[in-house]
Participant: 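My questions all concern the structure below.
Every chain is numbered from 1, with letters handed out A, B, ... down the list of sequences. Any value given below was found using the heavy atoms of this structure, including those in side chains, with hydrogens, waters and symmetry copies removed.
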4 protein chains.
Amino acid sequence: MSIDLNCDMGEGYGSYTMGSDEEVMPLVSSANVACGFHASDPATMHRTVRLAKQHGVAVGAHPSFPDLVGFGRRQLAASPQEIRDDVLYQVGALWAFCRAEGVRLRHVKAHGALYNAAAKDLPTALAIAEAVRDVDPTLWLVCLSRSALVEAARRTGLPHVEEAFADRAYARDGALVPRSVPGAVIHDAARVEERVLRMVREGKVQSIDGVDVPIAAGTICVHGDTPGAVGLARAIRERLQREGVEVAAFSKEGAK
Amino acid sequence: MSIDLNCDMGEGYGSYTMGSDEEVMPLVSSANVACGFHASDPATMHRTVRLAKQHGVAVGAHPSFPDLVGFGRRQLAASPQEIRDDVLYQVGALWAFCRAEGVRLRHVKAHGALYNAAAKDLPTALAIAEAVRDVDPTLWLVCLSRSALVEAARRTGLPHVEEAFADRAYARDGALVPRSVPGAVIHDAARVEERVLRMVREGKVQSIDGVDVPIAAGTICVHGDTPGAVGLARAIRERLQREGVEVAAFSKEGAK
Amino acid sequence: MSIDLNCDMGEGYGSYTMGSDEEVMPLVSSANVACGFHASDPATMHRTVRLAKQHGVAVGAHPSFPDLVGFGRRQLAASPQEIRDDVLYQVGALWAFCRAEGVRLRHVKAHGALYNAAAKDLPTALAIAEAVRDVDPTLWLVCLSRSALVEAARRTGLPHVEEAFADRAYARDGALVPRSVPGAVIHDAARVEERVLRMVREGKVQSIDGVDVPIAAGTICVHGDTPGAVGLARAIRERLQREGVEVAAFSKEGAK
Amino acid sequence: MSIDLNCDMGEGYGSYTMGSDEEVMPLVSSANVACGFHASDPATMHRTVRLAKQHGVAVGAHPSFPDLVGFGRRQLAASPQEIRDDVLYQVGALWAFCRAEGVRLRHVKAHGALYNAAAKDLPTALAIAEAVRDVDPTLWLVCLSRSALVEAARRTGLPHVEEAFADRAYARDGALVPRSVPGAVIHDAARVEERVLRMVREGKVQSIDGVDVPIAAGTICVHGDTPGAVGLARAIRERLQREGVEVAAFSKEGAK
């Protein structure tokens, strides 16, 4: 029994730092590396790929709308064609650092507002999926569970994995409870660990109103941008290992 | 007997246009495509690669210092490591559009101030060459004749080609006469054609002070950013063809 | 009897040109100068302010969402607070060039997607109006007729002027007919001239379906980004003058 | 007896933080606020001006070469005209936030590579000084002691102040010892305090090789970008106050 832990990485920019990549990298199995549109720059990308390589962590691209000042969190009315070209550009840029370090680029996970748009809007999701397929049809697409991205991956024939969130509450229909709702983010480490274990072993999570919801998560998203987040990631990692669940990249050779 | 004609392409940005790519593409055999740092954006890059494909023109990357407002013409005190990562990023970005269009990326030619710096400064030249080699050691490096870039290509084992300029005067030592010197740019089409023919057939060009200078040009740079430039490129192309000189990419399969 | 003609200006960027500022400046009475977020750069802004000064044209700021590659035409989910600060920044930047040239900054007209958002969404409109008031409460706000911007100008106490479009069809309710509708843009110069004259003299325009609509335009927007647009602006200017209508800035001293 | 303490502020960007503005602002008398070219964005600038206002700290602009990814630390071959327009733009942008908060913009201090270039190169220094004078000839220019900036301030008639560095060693000729030289940065708080006191009281500092050097510092630069730097700034502030030296902005009304 195994599960993937993924984390957004390489989100500094120039002299600015974001997150604790050195501490988090040993804890996860997949790194989503920012590509310069919401965060990161060439030097940061190179350093992040090298760090992932040192820890045997699978490298994926983390493309975004072009919005550095807004950290990619603001919806932008880009056309599907613009999104496709923006994703091609970013995936290619990261690919070069993978080549330079002799590692394979494994997956793509859209960032922030682009990820949210792609979860709801099929043309946006297809624009991303087509860009990924056009670069390399063996790349995995990381998709919000039950979202338009899943449908886009199917239509384009891309291998894909559904993502669950370790510390987020779910609604009865499997959707994430918005952060504005009390209880949407779970801070208690023991509870988070239990939820992750149950997702992995039983494919279920209890909704915010107490109903068991099926969840087909092939990867669990953890965060590394606060001291608390790093501690939580470490707690999850250690608990999984104590319980005999291997932490391994969904994209490892022959995983499809 | 054959020679390559190369031209900088895809140098628009968003709503802005630069040059006459549609008119020039049929005239050349190699296109140096801007990668977003001094010019171009993802949509423009994609369009340019597609246009090159339609005309069977070899696609190369045209990386620059990050200076959009200065069009990459201003020297920037970037470290060799920063230059290496900037080049990796840009070459990778263009590679993605080549993949999407099913064409091979063939060569890399640095732009503007970066090209000039690399011609004189070996650490800069090595930073570029190492980045290119680390992405793909079969990529060709376009080098100013007798410059530090040639030395860098040799040290990194990259295939390389020396570039001559159709409409520029040369000094006795083979260096370009600076644009500030009267006579540095040759506007007379007939004279330009003759010079190009002599470079190709005899490997020689007459210096501004009347001495024959050996020149080992594997590619001739033409411009497309003014109506006059397009006309000159067309005149050179047609003259070469009338004289039985084939216009063909230096980077074509098996060309090394 | 007088009317203002306004045009977006200074929309080049670095080596890129946009529009025909030299030709259009003598034809208009108000220039909306781009401020670096959708177009323009410091050198272009300075040049444009100097050109306006030479022709006695009133200078206004033309702030936008930060989206250079999209030319500010794409809606961005910026918060009102972000919009307020972005407008403050851009208006201040242009103000400096006015100071350096000894001209007064007179008005502010939002650009593209920001203008469209402000026309419909009161919080966006208020964000712009509050920023303008906070810099200088004597600045005029240019508003789409009957839009939320008019309401925002009233609430903040800013002097404001309603804008009509010379070459655009209007619906029965006074709204612009979307460009996607056939007939939305009027290309016939004689018809455009007649419409402008009637707006000025009678305060009316005929809707696309033939009904007279009241229109309280204090300024008419003309374009300068195509050869045809310049010709149309010239035709309007000359017709107004032949008919005895003065072309003069709405923001001239004592105009409120 | 009084002295000014100045610190670079507002050097975050979007989601990124830099320095400890909240902790440092109460300790200094002048804040040099980044203007978006090497750091900062409109929201950060507004917040920083508001914070300075709360603590009665004089606000100055801190313009830079356009190099966000390099934090303005890399020399760029911009022309004097480009530098002048870049400075106008940045000073104007900051001015708007001062207007919105009802505080006066007091001074300008160039950042990083631009400051270093202006210290040595008179055309660069004049470009900065002329831009400042053209916006407002009552603005103070902060100058490296004995540098070309001092000369530029004199020629343009700007009020100016010479700056000393609390924790940096000086050579016998009054120049800063380059950071690469051992002993160039003084970390011992007590020694730093003594040096500052002697600069203020006696106008002297001991050079790295033991000779007394005259220094006419009207402002002392402190840093706030590390925990140690904040502690050092606090130590200096408290020592000055214990010794009866007032910490007050050089630019306060009537200070010239």
Participant: Can you list, pair by pair, the side-chain donor-acceptor contacts under 3.5 Å of residues 179-187 of chain C, counting residues two or more places apart and other chains?
Facilitator:
none

Participant: Among residues 110-132 of chain C, which ones touch chain A with a heavy-atom distance under 4.5 Å?
Facilitator: none
Participant: Below 4.5 Å, heavy-atom pairs only: which of Ser79(A), Ala77(A), Pro66(A) has the largest tally toward chain C?
Facilitator: Ala77(A)
Participant: Excluding sequence neighbours, so at least two apart, what forms salt bridge (charged side-chain N to carboxylate O under 4.0 Å, His left out) with Arg154(A)?
Facilitator: none
Participant: Hey, which residues of residues 37-52 of chain A are touching chain C, say heavy atoms under 4.5 Å apart?
Facilitator: none
Participant: Between atom CD of Gln75(A) and atom CD of Gln75(C), what is the distance when rounded to the nearest 0.5 Å?
Facilitator: 9.5 Å
